[in-house]
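What follows is one structure encoded as structure tokens, with my remarks underneath.
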There are 2 protein chains.
Amino acid sequence: MNTETSISTEEAILVAARKVFESKGFDGARMQEISDRAGINRALLHYYFRSKDKMFERIFDEALERFMPLLSTWDQDPDESWELKLKRFISTFITFLKANSMLFLLREIIRKPELLTSRSKKYRKGLNKFVLYFERLKQERQIRSDVDSKHIYIIMHSLCSFPLMNAIVFSYSLRISTKEYDELMAGYPEIVSNLLIQMLKHQNN
Amino acid sequence: MNTETSISTEEAILVAARKVFESKGFDGARMQEISDRAGINRALLHYYFRSKDKMFERIFDEALERFMPLLSTWDQDPDESWELKLKRFISTFITFLKANSMLFLLREIIRKPELLTSRSKKYRKGLNKFVLYFERLKQERQIRSDVDSKHIYIIMHSLCSFPLMNAIVFSYSLRISTKEYDELMAGYPEIVSNLLIQMLKHQNN
DNA sequence: TTTACTTTTAACAAGATTGTTAAAACACTA
DNA sequence: TAGTGTTTTAACAATCTTGTTAAAAGTAAA
């Protein structure tokens, strides 16, 4: 067994598959394109992963495994102020989303919702931490009590995810190049943080 | 020429095609599924629309034609306050998005960016109206001048679009049913409006 | 070098999918 | 009803796509 060679071949396939599945989606992806990109014979894809479905699930799971823990890393540093926690989270989240295509996950989950419901059970509890944390802040009168924590969750995620998913359309609409759009987004995490903090703070006036 | 029959057949095909293309995407859509849904022979699809590509373009264009004018209806009622204008726009926009799948457009534009760049030229100028309007408000000192109008645009669209596109994932994450999610979203347009108005108003403290 | 095992390839098979076509069914008018 | 043009269908053809397989090439140890 030549472990050296087989790992590098498998890895080359995974890299190629990730790229193709992410850009074309499951339905648009072709086994031929993946093997071409990996520089190997198409039959090898089946030798290593049996079928297109199995290979896709491997890629999808890896993407989910990268994504989900991020959503659960919420209640570390219990001494940290909620403002700082929010800032830190938003900044990390947006950086992460730049590198990892959220659209890929969303597109495939909508195609086949079982991908989410059957494969992320172990993370589902963690997802609730955010809402519970903000419920507690409200009870402790640290933030306004007339906002729904679920709405905060939705607003925060929308502000973080959509501008990166929709970059093509936004840069077209705003009549700027994608490079200029990137520059525009440089200051964006700061703006989102401040907006949310402003929204949650007790009103002084 | 039996106009009556042929219009209703063509219309039945378009209704079916819209449904299938929107839920499966171009790559996942099957001509057979469309004709089954329309209750006609598959060859008729080609009789009326020549090819899958042509049929798709018809559906895509119709979706774009429904969507784009909405983004351009901005500078009506010049007497109206900007707050009211914003509220009215957000409310209309969210209602519209509930009925018309934004995800469909986004998915296909990312698959083939020419769909956007070659087919929406006539609307591109209108898209800029929003940014220009807010630039003017800033010069007139009606709103804070330290916010980027492009950021306002991005934030507003993200808050309106993403919660509807991502409904499956959000309701799963929040551990509520899709029905409960709909109820949660009932008060959402109001919240988005207030958030944006709060963000744009001059700070009193 | 021979042997046993793993990796890779070329060729093939099966089925799915789009698109074409000739003829049947239909609708309307003379 | 006969004739003309339109609409619809069944059958077919061509191509694409996934998946299989038998054999070749490679590797490492006895």
Side-chain angles (χ1 to χ4, degrees), chain A residues 1-62 104 107-108 110-112 114-115, chain B residues 1-62 104 107-108 110-112 114-115:
Chain A
M1 182 176 65
N2 186 342
T3 312
E4 194 54 44
T5 308
S6 91
I7 281 181
S8 79
T9 302
E10 192 173 328
E11 195 48 50
I13 294 175
L14 284 172
V15 169
R18 211 170 290 139
K19 178 78 187 173
V20 174
F21 279 132
E22 284 191 1
S23 64
K24 306 281 177 81
F26 179 82
D27 291 322
R30 294 290 165 260
M31 298 297 266
Q32 188 64 60
E33 188 178 349
I34 293 171
S35 61
D36 285 353
R37 191 178 267 273
I40 47 111
N41 187 287
R42 197 167 53 76
L44 267 189
L45 302 181
H46 294 96
Y47 177 75
Y48 282 102
F49 299 99
R50 296 205 72 78
S51 69
K52 184 183 179 184
D53 267 288
K54 291 251 185 347
M55 200 163 83
F56 174 78
E57 285 190 1
R58 169 73 176 271
I59 300 295
F60 183 87
D61 282 348
E62 283 181 8
F104 167 68
R107 189 210 282 134
E108 305 303 336
I110 282 170
R111 178 177 67 85
K112 199 175 170 189
E114 309 89 84
L115 286 172
Chain B
M1 182 176 66
N2 187 340
T3 312
E4 193 56 43
T5 309
S6 91
I7 282 182
S8 79
T9 302
E10 191 172 328
E11 196 47 51
I13 294 175
L14 283 173
V15 169
R18 213 170 289 138
K19 179 77 187 175
V20 174
F21 279 132
E22 284 191 2
S23 65
K24 306 282 177 80
F26 178 83
D27 291 323
R30 294 288 166 260
M31 299 297 266
Q32 188 64 59
E33 187 178 350
I34 293 171
S35 62
D36 285 351
R37 190 177 266 274
I40 46 109
N41 187 286
R42 196 167 53 78
L44 267 189
L45 302 181
H46 295 96
Y47 177 75
Y48 282 101
F49 300 98
R50 295 205 72 79
S51 69
K52 184 183 180 185
D53 267 288
K54 290 252 186 345
M55 199 163 83
F56 174 78
E57 284 189 2
R58 169 74 176 271
I59 299 295
F60 183 87
D61 282 349
E62 283 182 7
F104 167 68
R107 190 210 281 136
E108 303 304 335
I110 283 169
R111 178 177 67 86
K112 199 176 169 189
E114 310 89 83
L115 286 172

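Keep in mind that this is a model prediction, so the values were computed, not measured. By convention in this document, chain letters (A, B, ...) are assigned in the order of the sequence lines, proteins followed by strands, and residues within each chain are numbered from 1.
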Side-chain N or O of A:Y47 closer than 4.0 Å to phosphate OP1/OP2 of C:dT6: no
Side chain of B:Y48 - closest among D:dT20, C:dT18, D:dT7: D:dT7
Minimum-distance nucleotide (side-chain atoms of A:M31 versus D:dG19, C:dT9, C:dT18): D:dG19
Side chain of B:R30 - closest among C:dT17, D:dT9, D:dG19: C:dT17
Heavy-atom side-chain proximity of B:E33 to B:D36 below 4.5 angstrom: no
Distance-only donor-acceptor test, B:R50 side-chain atoms vs C:dG19 base atoms, 3.5 Å: no
Rounded distance in Å - CZ (A:F26) to P (D:dT17): 13 Å
A:L44 CG to C:dT6 C1', straight-line distance once rounded to whole Å: 11 Å
Which nucleotide in D:dT9, D:dG19, C:dT18 has an atom nearest any side-chain atom of A:K52: D:dG19
Nucleotide nearest A:R42 when distance is taken to its side chain, options D:dT18, D:dC12, D:dT21: D:dT18
Spacing of B:I40 atom CD1 relative to C:dC26 atom P, expressed in whole Å: 17 Å
B:D53 CG to C:dT18 P, straight-line distance once rounded to whole Å: 11 Å
Quiz item: cation-pi between B:R111 and B:F21, 6.0 Å / 45°: no
Of A:K24, A:K52, A:R42, the residue whose pairing with A:R30 passes side chain to side chain contact (heavy atoms under 4.5 Å, CB included): A:K52
Gap between atoms CZ and C1', on B:F49 and C:dT20 respectively (whole Å): 18 Å
Rounded interatomic separation in angstrom, taking CG from A:D27 and P from C:dA16: 16 Å
Options D:dT7, D:dT20, C:dT20, nucleotide nearest the side-chain atoms of A:H46: D:dT20
Side-chain donor/acceptor of A:E108 to backbone N/O of A:F26, under 3.5 Å: yes
Heavy-atom check, side chain of A:F49 versus side chain of A:I59, under 4.5 Å: no
Nearest-Å distance for atom pair CG/C1', residues A:L45 and C:dT7: 14 Å
Spacing of A:N41 atom CG relative to D:dG26 atom P, expressed in whole Å: 14 Å
Residue-phosphate contact under 4.0 Å: A:T9 side-chain N/O, C:dT7 OP1/OP2: no
